[in-house]
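To keep things clear, I will list the structure first and then write my remarks on it.
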Amino acid sequence: MSAQAETDARDDRYQPATIEAKWAERWAADPDMYAAEPASSGKPKYYVLEMLPYPSGQLHMGHVRNYAIGDALARYKWMQGCNVLHPMGWDAFGLPAENAAIKNNTPPREWTIGNIASMKQQMQRLGLSYDWRNEVTTCLPDYYRWNQWFFIRMFERGLAYRKQSKVNWCPQCATVLANEQVVNGCCWRHDDQIVELRNLEQWFFRTTEYAQELLDGLDQLPNWPDKVRTMQRNWIGRSDGAELAFEVVAGEPMQGDAGKEILPASGVTLTGDRITVFTTRIDTIYGATSVQLAPEHPLVTGWAAGDPTLREHVDGMLEQQKAAREGGDLAGLEKHGAFTGHYAQNPFTGELLPVWIANYILADYGTGAIMSVPAHDERDWEFAGKYGLPVRQVVEVPGAENALPVLGEEGAVLVHSGKWSGLACAEARAQLSAEAAAGGYGRATITFRLKDWGVSRQRYWGTPIPMLYCGDCGIVPVPDDQLPVLLPENVAITQQGGSPLAQVPEFVNATCPKCGGPARRETDTMDTFVDSSWYFYRYTSAKDSTAPFDKEAAKYWFPIDQYIGGVEHAILHLIYSRFWTKVMRDLGLITNAEPAERLFTQGMVIKNGAKMSKSKGNVVSPDEMIGRYGADATRMYALFAAPPDRDLEWQEDGVAGVSRFLAKVYRFVQRHSAAALEAGDAALPEQPNADEQVVLRKLHQCIRKITEDFNDRWHFNTCIAAIMELQNVLTGADERFASGAIRPEVTAHVLRRVVLLLAPFAPYMTAELWAELGESGGLLRTPWPAFDEALAKASELEVPVQINGKLRTVIKLAADAGEPAMREAALGDERVLAAIEGKQVVKMIVVPGKLVNLVVR
RNA sequence: GCCCGGAUGGCGAAAUCGGCAGACGCAGCGGACUUAAAAUCCGCGGACCGCAAGGUUGUGGGGGUUCAAGUCCCCCUCUGGGCACCA
């Protein structure tokens, strides 16, 4: 036996390694221990969910923090008598597995499954209360077959479709990315990799179909952080405006001063071509002095075919736009344009406006065309200034200076706008839109910034898209009874670009289910955000082989009561999964319109002032912390060091401090457990003595605080601080516990409750102490302690007395002292009398139970 | 440029509704126990003046409201994050 082991064996020191190993083994032998009960249990259901991790192989501190929050909540809810669903799974498809395959020559599947095993072990080591019977692994066919099933359902409804478009291409990922996955023009996985634009034919999900509902739904989610709701609102980007058609004028291009003049409406012939613009300011139509088209606009393409100069301008602008977009600084691009040589007719005035192309007009927003109103739009102002285009002011604030451009609408009215002059802007918009609609050349309309979700990926490690291309029948979905389309094994993975699956003839060559002829399989795979868009439904019946999930089970458990994760998914995962929920509702699979009732986004884990990352070399390994201080102390520090929504600075000394605290509780319970066992279930004495009162008061104040915090504030840092304060009081009364001055019934009452209060935060140590107190049942099924308001109440009040707002003394009063008693006591205090001597008391503020303030002169 | 956070001791932080600023923890200092150390227990820690009692001052900066402001209002600085030519 080593010297250390000898020491350990003979004292009562807290040894987390021993305790945690012992309980981990017992818990592993009881897989039903965290099992949710059936709906028939009659208990209120509570679905607590943490975002599922990508199985990189190693948990990091961000995970530990996320799971410590969720686990504390799950345990608390259990103790509150709820039927809790607390599942975990693996977001197991994705690029790192392919990169690892190239680097280590390990098949992605093998690499991923191995990582899952080690991360699961880490999670179990942390003592997290997951019901592993519902584990979901997205890269397994029994899961991804339902991705395929959903894809086909969406295809049938026109919600999945194929189109050629300009897409974001990350050279490092060697695949395309959705708009949501491009951050500042760079890949979300490679923040130093500028995304290229490529023209490819791709599969899309029609998220725009639900744009309005996704927006409206945000108002039904008061328990989501405002920040997330705002980000989603901005991302969806609803814009109310109008479309307005400008007729293109025929004949030889009429050259004014190279397109810098507005020509009168006389004797014109129309070509039949129309330019439809989108504007939010139709009220400024009389101030339009040109029409601006995106260089990719179809009309421009037509004109450029017969106009080499224009062609050159277009190509140049496209090149600039591309470079700026790829540089991530589209806004910084200098405005640049060219006259097309064509004119279009303002439908309200009949005047002919020069048509320009401009590099700041986006082809993929609105109609790719605008009317330019330099007097009332900053960008148009800048553009007109550069090219000498006319400026016409049509909005002004009467009596004000009205420096151009006039952008505000406060108190503004239309001028020089025909019969609409004098109207306020908003009213003018309504009337002009109606007039345009009546005339057949426009209408009020709404544009969204949200685009359809591009889901094709030219990668191997993802869900195969279940579609076939038949020479005769066209695009044909794989029949349901042939699902899943299995991802073939032993595929050579390259970083060349192009789908690896295309290199596998056995996969590509198939038979058309319609005509029986030869067909080619789709070789792209699905974006992995598809996997995470609905995984939490699968948790409710993960073994179901006949449906993505059991309808009844989903109806019982949904919506998720509390979803917890990082804010980085605010417009990725969290918009996709809201979209998916709405689609599933329309498929009749569920009845809820939103996936999660409450959302909590925890702060980042920081070390030395920066987010932990390999490149900064400031990563703290959870395993190392657990090895040194135990899982309980590691988890608890993650809750103690900061409120959960704020960033957390990891300080190892702090973990040691939490560990010392746990040791203190452990020793205290050990030392007095005999007295507690002796008292058994005996009730508290009717009349606690003074020593007992002090201890009971602190205890019940603590229970009250933690209970209230779990119910709304979630400031676990102050909860843990409150238990520390309680323990400090208990340690101070140690002798009185030992001597019997505090009676065994009280000792039993106190010890049991201290253990219960710590149970959501330190499952291992509390399990050990609970057994030490003679309890055989698990803590999860033990009711959370109730607080006794009478015991929590202070017997004596300390009231600060201020003179002119400055603290002068503190007086002691009976707890129920009213205003007159406070007034009298304050005026009777000798220090107060000394301070006000020779002065006149002008005013006396007495706040019952709080303070007294004397205003003197 | 626009929209959100944040700024409090040497450090992480607390103060929930405008009412004793700094709970709790870390680090530090002093003491007890010990042959000694570790562990543990007790005590002291915003700054300045003072032997002390006590006083002055203090929550990024400047103004304001109030008997009373870390907290509310106005202006500014720094910092983290999100969005960014969306017509």
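Per chain, numbering begins at 1; letters A, B, ... match sequence-line order. Computed from heavy atoms alone, side chains included, the values below leave out hydrogens, waters and symmetry copies.
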Worksheet item: Once each nucleotide of nucleotides 17-25 of chain B is scored for protein heavy atoms under 4.0 Å, what B/S/- sequence comes out, 5' to 3'?
Response: --BB--BBS

Does [N] have OP1 or OP2 sitting under 4.0 Å from an N or O in the side chain of [X]?
| X | N | value |
| --- | --- | --- |
| A/Arg857 | B/C67 | no |
| A/Tyr365 | B/A87 | yes |
| A/Arg667 | B/C41 | yes |
| A/Lys806 | B/U57 | yes |

[N] and [M]: how far apart are their [atom1] atoms, nearest whole angstrom?
| N | M | atom1 | answer |
| --- | --- | --- | --- |
| B/G63 | B/U77 | C1' | 15 Å |
| B/C20 | B/U59 | C1' | 15 Å |
| B/G5 | B/G60 | C1' | 16 Å |
| B/G1 | B/C76 | P | 12 Å |

Worksheet entry | Atom-pair distance (CG on A/Leu648; C1' on B/A14), nearest Å |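 Distance, rounded to whole Å: 15 Å.
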
Item to complete: Rounded to the nearest angstrom, tell me the gap between atom CD1 in A/Ile606 and atom C1' in B/C11.
Response: 15 Å

Fill in: Watson-Crick or G-U stems involving RNA chain B, each at least 3 pairs long, distances under 3.5 Å, ordered by first number
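Stem list for RNA chain B: B:1-7 with B:77-83, B:10-12 with B:24-26, B:28-32 with B:40-44, B:46-49 with B:54-57, B:60-64 with B:72-76.
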
Closest listed nucleotide, where the reference is the side chain of [X] and the choices are [options]:
| X | options | result |
| --- | --- | --- |
| A/Ala642 | B/U57, B/C67, B/A13 | B/A13 |
| A/Val855 | B/C67, B/G54, B/G12 | B/C67 |
| A/Lys227 | B/A13, B/G81, B/A87 | B/G81 |

Worksheet entry | Parallel, tilted or perpendicular, as decided by the 30° and 60° cut-offs, for the rings of A/Phe348 and A/Tyr441 |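 The arrangement is perpendicular - the two ring planes meet at more than 60°.
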
Practice prompt. May I ask you to decide whether A/Glu409 forms a salt bridge with A/Arg429, counting only side-chain N to carboxylate O separations under 4.0 Å?
Written response: yes

Practice prompt. Check RNA chain B against residues 274-289 of chain A and give the residues with a non-hydrogen atom under 4.0 Å, in numerical order.
Written response: A/Phe278, A/Thr279, A/Thr280

Are [X] and [Y] linked by a side-chain donor-acceptor pair shorter than 3.5 Å?
| X | Y | result |
| --- | --- | --- |
| A/Thr230 | A/Gln232 | no |
| A/Asn853 | A/Lys843 | no |
| A/Tyr14 | A/Gln670 | no |

Item to complete: Flag this pair as yes if the NZ/CZ of A/Lys335 is under 6.0 angstrom from the six-membered ring centre of A/Phe383 and inside a 45 degree cone about the axis; otherwise no.
Response: no

Worksheet item: Reckon A/Ile571 touches a base, only the sugar-phosphate, or nothing at all at heavy-atom distances under 4.0 Å?
Response: sugar-phosphate

